[in-house]
Each structure stands twice: as C-alpha cells, then as structure tokens.
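Take a look at the structure set out below.
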There are 2 protein chains.
Amino acid sequence: MLADGEVLAFMPAQKNSADLAAIPFAELETSSPPAEQIFRQVRDAVLQMQIRPGSLLSETEVGQRFGASRTPVREAFTRLREAGLIVTRPSRGNFVTRLSEPRLREAQFLRSAIETAVVIRLCKIGLGAEHLDRIKMSISGQVTAIADNNDLDFQAQDDRFHTLLAAATGYPRTAMLLAQEKTPLDRLRVLALSDRGHKARLLSEHRDILNAVRARDPAQAQAAMARHLASVLDLIADLRDADGDYFE
Amino acid sequence: MLADGEVLAFMPAQKNSADLAAIPFAELETSSPPAEQIFRQVRDAVLQMQIRPGSLLSETEVGQRFGASRTPVREAFTRLREAGLIVTRPSRGNFVTRLSEPRLREAQFLRSAIETAVVIRLCKIGLGAEHLDRIKMSISGQVTAIADNNDLDFQAQDDRFHTLLAAATGYPRTAMLLAQEKTPLDRLRVLALSDRGHKARLLSEHRDILNAVRARDPAQAQAAMARHLASVLDLIADLRDADGDYFE
DNA sequence: GCCAGCATACCGGTATACAGGTTTATTGAC
DNA sequence: GTCAATAAACCTGTATACCGGTATGCTGGC
C-alpha cells in the first residue's frame, strides 16, 4: 500500500479518479429512493474526506458501485452540485471541489447571520419545554462524549445542539438551510483534530448560549453565538498550510 | 375563453393540469444547457403565477412543450423541487406548491436574517466606489420607474438594489442564497398591486438603508433594513383572504 | 339508482443506447 | 529521442423504452 504522498507524486491531482472500492458504502435499501440514498452516502463520503478533493467522480462508476444506473446518480449529482461539493465540467467529468478560504469565510458569515437571528427569535418567542429538554440532552451528550474522548460523537452532538436551536424557532427550512450552508465548514472540521480542551471550550460556549436564551436576553444570546461561531476562523489559516492539497 | 372561476367550477383544483400552451415560453437556445433553460423558464412562469398553484406539471408535457425529452426536464424539476416550487408525489405527478403563510413568514425571517447581516458587514468593510455607483443608479432607476408608474420595472430595480448590497459584501453565494430564499415572497408580490404611495415608501426606505451604510452606522442600518423587510408581513393576511385558491 | 370491482390510462422511477466533445495513449515520421 | 497526428477511451448530455404504482372511469351485479 502506498502512502498518499507517493500516489500524488505519480498522478496529477486533477486526473485522480476517486477510489470508490475503498469507501464503505451501504447497500441501497428499498425504503427510500435510490437517488436520495446515493446523494446522502456520496455527500457524507465527501464531507468526511473519504473522497479526495479534486478527484473525478464518474457517473458510470458511482452507478456501478451502488448497483444502479446513471439516472439516479445524475439526480444525486445535481444535488451535490447545488451543495457546492462537486463541479461539473461538460464532457470532462464531475470533480470534487477543493476547500476555498473565501468560501469558508462566507459560510461562516452566513451561518453566523442565520444562527444569531435564530437565538434572537428564541429569546422573543421563548423556548418550549420539549425543545428545552432535547437541547439539555444534547448538552449532556456532549459531556459524555468529552469524558469518553469520542470525537465523532461530540461532533454529532454539537451538530444536534445547533439543529435543535434552529428547529425550536418553528421554521423547518431554517434548520435545513443551516445544514446545507455549513457543509464547507464540516469538511474543515474533519481536518481539525480537536483536543479535549477545545471541546470543553465549545461545550462551555454552548452553555452560555443556552443560558442567554433561557434568560430571554437577545443581546447576550447574539453575542454568545457570534463568539462561538467565529472561533472556526482561527482554524482556517493553520489547516490551509497543513493540508495544502485539499485547498484551492 | 372561459374565466378562471368557471374553469375552477368544473374541475377539482387538484386535477388541474397546467395549461402550458398558453405560456409564452421561449424556444431553447443552443448556448446553454436545455435543463438550465427549462428550469429558468418554468421557475419564472411559476413565480409570475402563469402556472396556477396546485396544478399538475407533467414531465412528458413540459418536455413536449420545449421540444426536449424527459431527461433534461427531470433535472430541471429536481431544482424546482429544491426551490420549493413543486412537490413530487411518486406515481402521481409533480404539483406546483401553493403559497403557505408559515412558509412566507419563514422566508421573511431568513431574508431579514441575511440582509441585516449584509448591511452590518457593509458598515464594517465600507462600500467601494463602484458598488456605491451601481447602488445609486439602482435608486435612480426606482425614481424613474415610479414616475413612469412602471410596476415591473420598479420590482426589477427593487431586486437589483438588494442584490447589489449583497454583492458588495464580496460574498457571491450570499446574493444567490437570498434570491433563492425569497422566492416565496416573489410570488406574493405578484399578487400585490402596488400603488404609487407604496412604492414611494419602499424607495424612501432604500434611501434610509443606503444612508446608514454610507454613514457606517451598523445599528441604524440594521434597524432600517429590518423595518423595510418587515413591511411585507402586512400583505400576507390581506392577500390570503383575497386569493384563497393560491394558498394552502 | 347505487356501489363494488376491474380495466385502462397516466405518472414518475429506472435502465440503457446513442451523440458530441475532451483527454489520453499510441504510432509513425523525422 | 522527439514531436505531431491520429485513433481509441473516457466523460457528460440526451433520447427512449420499459416498469411498478396510482387514479379514474366504466361496467356489471345488486
């Protein structure tokens, strides 16, 4: 088995085909449409960096990998394209996009814009008992994940915390939009190995946000959220230098 | 030719097929992909209420109308579905969505969240000379449109004003996202016959926003924008009662 | 006249064949 | 050995045939 660096030395990055055989895709279920499942699985693989940025994703190959024809794959690719995860160059192929610093900064801007508006609204309409319970459970989950030093679980609970806040506004599309717009940041996060102290800080910030919302203090809630989300910007420069191949 | 009310009297709303022949679609050009053109033309027809909310859009029929096969139509429909303009009921058909008051309120929330963040950022980074010129021209255009009592032109210049502000942030996707998320409001606006006084008020608000941004006063800019955007909420209840068929 | 049951027509979902265009590899001349 | 020209192998874009499922309208029994 060759190391990544050696492979790169022999092949120009642009020509690299994605190594689909190495990715543990689940077999398609009959419960939901194949196009939907292919979209989700390929999206997650791209987000988790299992598919190298810059690599070629062939409709035919992906279809064969899932045992489906090109038609559902094309539909999945349409959605990946809109999510900004691939770019299509006609007659040449679909390529997994690289991370882009301006794009990351814009994602942070949009995320911050929406999430601060979310907490301000929550201060206004109040937090229902059910929503509050679920958010508290998410925070408990974060505590457990830190104790277990389980990065993956912590990330999942982190996402859940923000999703639950958005859902509590009663605006279903807002949660969806947030998930969509933060995808560039998700790829960044995979590159960052978070130490226990970093996670502890995030947890503390989550608590600050929740407390401000419970106190119905919009100014403080907004400030806490903005502070919390701005922290990712510090990661960009470091990671760009460390993982140059993954950036534009 | 029958009046709309008579047609409705004979056909249950749900069964109505869209009358594609009556819509002045342009012929497909060779310059851009058919799927893209079909998407844009159908989207605009839906936004301008040329296709009745609740009506059935058949892939086959749309394909025949444009002289294309189902494949590009399917791709266009995928995008319309994500834009929330149609819903697909498997084995039954694609239906143009009706306006929904909760959905409209959410669109207003999201638009306000993003646009207030935009003007705050503009106060921070300042407005370049080129951007300022273009925005001023847009406002001049609004003045002209009001003088000519040209509603369509005023709406175009109104959109342009907001788009230019978003573009001035240097975040290209933000402008795109705004356009996408305000589509429900665009359909609402078509139903509203705006009198001259209403347009004059919007223009005045635009000037307030621009002045606050030029003065680099984030608090005032945010307040002016929020006030400006909140005004559409007043329209919802009236239009819902007047055009009941168009709402859920 | 009413209602249940069935045949039919229509829809989207999928697979596949073909077309147009780009890249890559090979081959031949120099 | 080098380079240009050509052919093959890809890619996406498009058209089309077939499938299963749903809605509908007709028909026959009551």
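Excluded from the calculations below are hydrogen atoms, water molecules and symmetry mates; all remaining heavy atoms, backbone and side chain alike, are included. Order of the sequence lines sets the chain letters (A, B, ...), proteins ahead of strands, with each chain counted from 1.
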Exercise: do B:T78 and B:E82 side chains pair donor with acceptor under 3.5 Å: no
Whole Å only: how far is the CD atom of B:Q37 from the C1' atom of D:dT14? 14 Å
Side chain proximity check, B:V42 to B:L57, heavy atoms < 4.5 angstrom: yes
Can B:R79 be said to sit on top of B:F39's aromatic six-ring, NZ or CZ under 6.0 Å from centre and within 45° of the ring axis? yes
Answer yes if the side chains of A:T97 and A:R187 hold a donor-acceptor pair under 3.5 Å, and no otherwise. yes
Is it true that the side chains of B:T60 and B:Q64 contain a donor and an acceptor less than 3.5 Å apart? no
Working for side-chain hydrogen bond (donor to acceptor under 3.5 Å, both in side chains), residues A:E75 and A:T71: CA-CA 7 Å; A:E75 191 168 328; A:T71 312; over 6 Å; no
Between the side chains of A:R81 and A:T88, does any donor sit under 3.5 Å from an acceptor? yes
Sub-3.5 Å pairs of nitrogen or oxygen atoms, protein against nucleotides 6-9 of chain D:
none

Letter per nucleotide, 5' to 3', of nucleotides 7-16 of chain C [B base touched, S only sugar-phosphate touched, - untouched; heavy atoms, 4.0 Å]: ----BBBBBB
B:R98 to B:Y246, cation-pi by 6.0 Å centre distance and 45° axis angle: no
